[in-house]
There are 2 protein chains.
Amino acid sequence: MTIELNQNYAKLPDSYLFSTINKKIASFQKEYPKADIIRLGIGDVVLPLVPGVIEALHEAVDEQAVRETFRGYGPEGGYDFLRQAIAEVEFQTNGINIQLDEVFISDGSKSDVANIQELFGQKISVAIGDPVYPVYIDSNVLSGRLGDFEAVTGKWSEAIYLVGNETNRFVPELPAKKADLIYLCYPNNPTGMTLTKDQLQLWVDYANDQGNVIIFDAAYEAYIQEDGIPHSIYECSGAQTCAIEMRSFSKKAGFTGLRLGYTVIPKALQINGQSLNKMWLRRQSTKFNGAPYIVQKAGAATLQEPAKSQIADNIQYYMENARIIREGLEASGITVFGGVNAPYLWMKVPNGLSSWEFFDQLLTRAQVVGTPGVGFGPSGEGYFRLTAFNIHEQTLAAVERIQSFLAVGLG
Amino acid sequence: MTIELNQNYAKLPDSYLFSTINKKIASFQKEYPKADIIRLGIGDVVLPLVPGVIEALHEAVDEQAVRETFRGYGPEGGYDFLRQAIAEVEFQTNGINIQLDEVFISDGSKSDVANIQELFGQKISVAIGDPVYPVYIDSNVLSGRLGDFEAVTGKWSEAIYLVGNETNRFVPELPAKKADLIYLCYPNNPTGMTLTKDQLQLWVDYANDQGNVIIFDAAYEAYIQEDGIPHSIYECSGAQTCAIEMRSFSKKAGFTGLRLGYTVIPKALQINGQSLNKMWLRRQSTKFNGAPYIVQKAGAATLQEPAKSQIADNIQYYMENARIIREGLEASGITVFGGVNAPYLWMKVPNGLSSWEFFDQLLTRAQVVGTPGVGFGPSGEGYFRLTAFNIHEQTLAAVERIQSFLAVGLG
């Protein structure tokens, strides 16, 4: 009688989206070693860390070289200097009352987004966008909450899908059935679309009314260009009693390789008298030992000059790419969503091709890599995600190749 | 009808061991602001990072400043340069056949030790040392496997305790009842004791025979001074089919603030045809985004010169502290375990005092901080942990204070 394994692992389809993409690229490269592939696929930044961050890192490393300034274990929730700076710069200066001890520093938003479900009961219902960033789903599948995968529909039997489509411009309606835990991500990955403060307020009111909790993934808020788009869910009235917000330094400051993020859990968020803020502190104290001191120092540097302006310039650089892609595709008659307040562009695949068919054709005929929409859920079928994370020259070249490829006609 | 929470959080006693200690220190310091407290409590290093590591960090930071060498998202399991170096230097050169893809890099051993239980079923039985590093217990409590806490006994109703005591010299006997998952830590935290290869082989044979899995926490292996003490469980025959090993850079190379560890899961470790190596890769790919590139470069530097020798010198420095404490306490007639192949010393509290009573007296009368043994489990009652992680001068001063305090007599 051997030990019982977590059988939910066997339920997850074999390959993670980006592994499959990488395998397809590797296979093509093997066949055509000289092919010059341009990647607008995985949402990874390409610009190096800004000088202000590099300087902060060197300084922090030097502190670690001397006994008097060496830092070992840090507080599991993060150093006060960073928690305080975030509370002030990201929230209080925008009129949002978030305090130091409501901000929990982590090694990245992915970890937090995946771990947050641990605070909840085994049998809660979970509402998730479709299309969606796969981690919300996978982490709940591994915890056994989403039932079984139905290959025909591409859906999990127990998940509540919040369907985004052309009609609702990727802002789903409130769920028809009871949804205890609701994942929202705006600006959205993968669609690049946003919602207005009024639209978000509807969700907050609904959650407060029903006793639900919203996980608001704001990883891309720094890319918002237009007024009237909420940067934080706490801009909405009542959000502090129903919402957890996650933020990341990855896309904002190019920290994808440095690993830093944070989760905001207001003390007002209580369920039957239990504080989720306290539960998360306990979770993090038990299972995590804090983000590296030198990385937290780098994070704090991003919130002040000179790094702050340098980072803002990088975001404008990427948003110029987004404009190039959007306008280039539209000039070829493609319907494009996103790319205005987000680094993601969500294009409608022409000629009724499936999103993987389009992926294969774009790779083999134009040597451009994007992400098939269906990889983000069944409602992503027929769409394709491109990202603004490349240098201008490559982005321009990619758009020209896509235009030529579309002009010749799809296979 | 509000969302259901994970009720296991409410089961965990309110304060984590080290928080309680810190509160007691803070309260004493508030009353006596001029008190000069020496800390031999929390197992955190005090020597700064060695020059070879500092140099590697600066170099890696500079790579992150330039587009051509900038690294964003890394592989979730770690960079090959580090996985390969670990496989070679830590295992293959010692005649142990561990390959690159059996080594998973993480942000520290605490995370891995806490997360590994996710791979197993909800209803498995769990055997845990007593005394023990609390994370093995707490992570299984939060997953609902250990039942309820019984305040009178200090035990969890469903846990199988592997009791260490003076008689067995803190090497417990094989469990009397079925134990699916077995946590072993040698050199041990908190007792500082080790087992021989023959003793460890008994556990490996038992696990293979019964179909159990052993989690072997080898965080302190670098402190082993004597021959015949296994550095890795894979020195035992058959361990690759039943054991997972965790290692850390924290205590070995002073990375407590830099955050780096790794978990070894041999491909031969299969349960009913399911590979735990594959499951862990999936777990990490889904819920983790890798350790920082610059920290992984620092980790690789520790495995070669000049850092390797610099680190070995630091370990000898701490082991000299261990000798000072051990001999000093023994000179005062105290029975002391550990401190020979580990940075921890486990002293028997004299005069029948409880370990918290001894903590309070040592703090208030000698201004020395240690860790009450009972904080590591009921069998720790009557014991007290001291660590070798301080500078010589402070360690010597602490031992003198303890000796004077013992000479005056306990309260």
Side-chain angles (χ1 to χ4, degrees), chain A residues 1-7 9-10 12 16 44-49 54 57-58 61 64-67 70-74 107-108 110-111 114-115 118-121 123-124 135 138-139 142 180-181 211-213 256-259 271-272 274 279 282 285-293 295, chain B residues 1-7 9-10 12 16 44-49 54 57-58 61 64-67 70-74 107-108 110-111 114-115 118-121 123-124 135 138-139 142 180-181 211-213 256-259 271-272 274 279 282 285-293 295:
Chain A
M1 207 165 65
T2 54
I3 183 170
E4 186 204 353
L5 298 179
N6 178 346
Q7 292 307 328
Y9 276 81
L12 266 187
Y16 190 63
D44 198 358
V45 297
V46 298
L47 298 176
L49 294 175
I54 293 292
L57 281 168
H58 279 307
V61 169
Q64 294 293 70
V66 182
R67 197 170 71 73
F70 172 76
R71 308 251 190 158
Y73 291 123
D107 68 324
K110 182 177 174 185
S111 307
N115 294 333
E118 293 180 21
L119 301 192
F120 301 97
K123 296 189 188 301
I124 60 163
V135 173
D138 292 357
S139 58
L142 294 181
D180 293 317
L181 190 63
N212 307 331
V213 171
T256 51
L258 213 48
R259 314 303 317 134
I271 305 290
N272 294 329
Q274 268 190 275
M279 286 176 75
R282 187 62 193 255
S285 302
T286 303
K287 299 189 171 185
F288 181 61
N289 240 335
Y293 171 69
V295 175
Chain B
M1 206 165 68
T2 54
I3 184 170
E4 186 203 353
L5 298 178
N6 178 347
Q7 292 307 330
Y9 277 80
L12 267 187
Y16 190 62
D44 197 359
V45 298
V46 298
L47 298 175
L49 294 174
I54 292 293
L57 281 168
H58 279 307
V61 168
Q64 295 293 71
V66 182
R67 197 170 70 75
F70 172 76
R71 309 250 190 157
Y73 290 124
D107 68 323
K110 183 177 174 186
S111 308
N115 294 333
E118 294 179 21
L119 301 191
F120 301 97
K123 296 186 189 302
I124 60 163
V135 173
D138 292 355
S139 59
L142 294 181
D180 293 318
L181 190 62
N212 308 333
V213 171
T256 50
L258 213 48
R259 313 303 318 135
I271 306 289
N272 295 329
Q274 266 189 276
M279 285 177 74
R282 187 61 194 255
S285 303
T286 303
K287 299 189 172 187
F288 181 60
N289 239 334
Y293 171 70
V295 175

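The structure presented is a predicted model; accordingly, all values stated were derived computationally and were not measured.
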Note to self: Heavy-atom cut-off 4.5 Å, strictly under: side chain, backbone, both or neither for B:Asn289 against chain A?
What the structure shows: both
Margin query: Which residues pass the side-chain contact (heavy atoms from CB on, under 4.5 Å) test with A:Gln7, not counting sequence neighbours?
Written below: A:Leu5, A:Ala10, B:Gln274
Item checked: Proximal component of A:Val66, with respect to chain B [non-hydrogen, under 4.5 Å] -> backbone
Note to self: For A:Ile271 versus B:Ile3, what's the shortest heavy-atom pair and its separation?
What the structure shows: CG2-O, 3.3 Å
Next item on the list: List the atom of A:Ala114, the atom of B:Thr286, and the distance in Å for their closest heavy-atom pair.
Entry: CB-O, 4.2 Å
Next item on the list: Name the member of B:Lys123, B:His58, B:Glu4 that forms the most heavy-atom pairs with chain A at distances under 4.5 Å.
Entry: B:His58
Checklist line | Step-by-step side chain to side chain contact (heavy atoms under 4.5 Å, CB included) determination, A:Leu47 to B:Phe70 | finding: CA-CA 8 Å; A:Leu47 298 176; B:Phe70 172 76; over 6 Å; no
Item checked: Greatest number of heavy atom pairs closer than 4.5 Å to chain A - which of B:Asn272, B:Leu57, B:Val213, B:Val61 -> B:Val61
Notebook entry, point to check: Under a 4.5 Å heavy-atom cut-off, does chain B meet the side chain of A:Leu142, its backbone, both or neither?
Noted result: side chain
Note to self: If we ignore hydrogens and angles and just use 3.5 Å, is the side chain of B:Lys287 paired with the main-chain N or O of A:Asp138 as donor and acceptor?
What the structure shows: no
Next item on the list: With a 4.5 angstrom heavy-atom cut-off, could you sort out which part of A:Phe120 is near chain B: side chain, backbone, both or neither?
Entry: both
Note to self: Can you tell me which portion of B:Asn115 sits under 4.5 Å from chain A's heavy atoms? Options are side chain, backbone, both or neither.
What the structure shows: side chain
Item checked: Contact leader toward chain A among B:Gly121, B:Pro48, B:Ser111, B:Ser139, where contacts are heavy-atom pairs under 4.5 Å -> B:Pro48
Check: Is any side-chain heavy atom of A:Glu118 closer than 4.5 Å to a side-chain heavy atom of B:Glu118?
Finding: yes
Margin query: A:Tyr9: which residues meet the side chain to side chain donor-acceptor pair (under 3.5 Å) condition with it, sequence neighbours left out?
Written below: none
Check: So which part of B:Arg71 gets closer than 4.5 Å to some heavy atom of chain A, the side chain, the backbone, both or neither?
Finding: backbone
Notebook entry, point to check: For chain B, which of A:Val45, A:Leu258, A:Leu119, A:Val295 has the most heavy-atom pairs under 4.5 Å?
Noted result: A:Leu119
Item checked: Which atoms of B:Val46 approach chain A - backbone, side chain, both or neither, heavy atom under 4.5 Å -> backbone
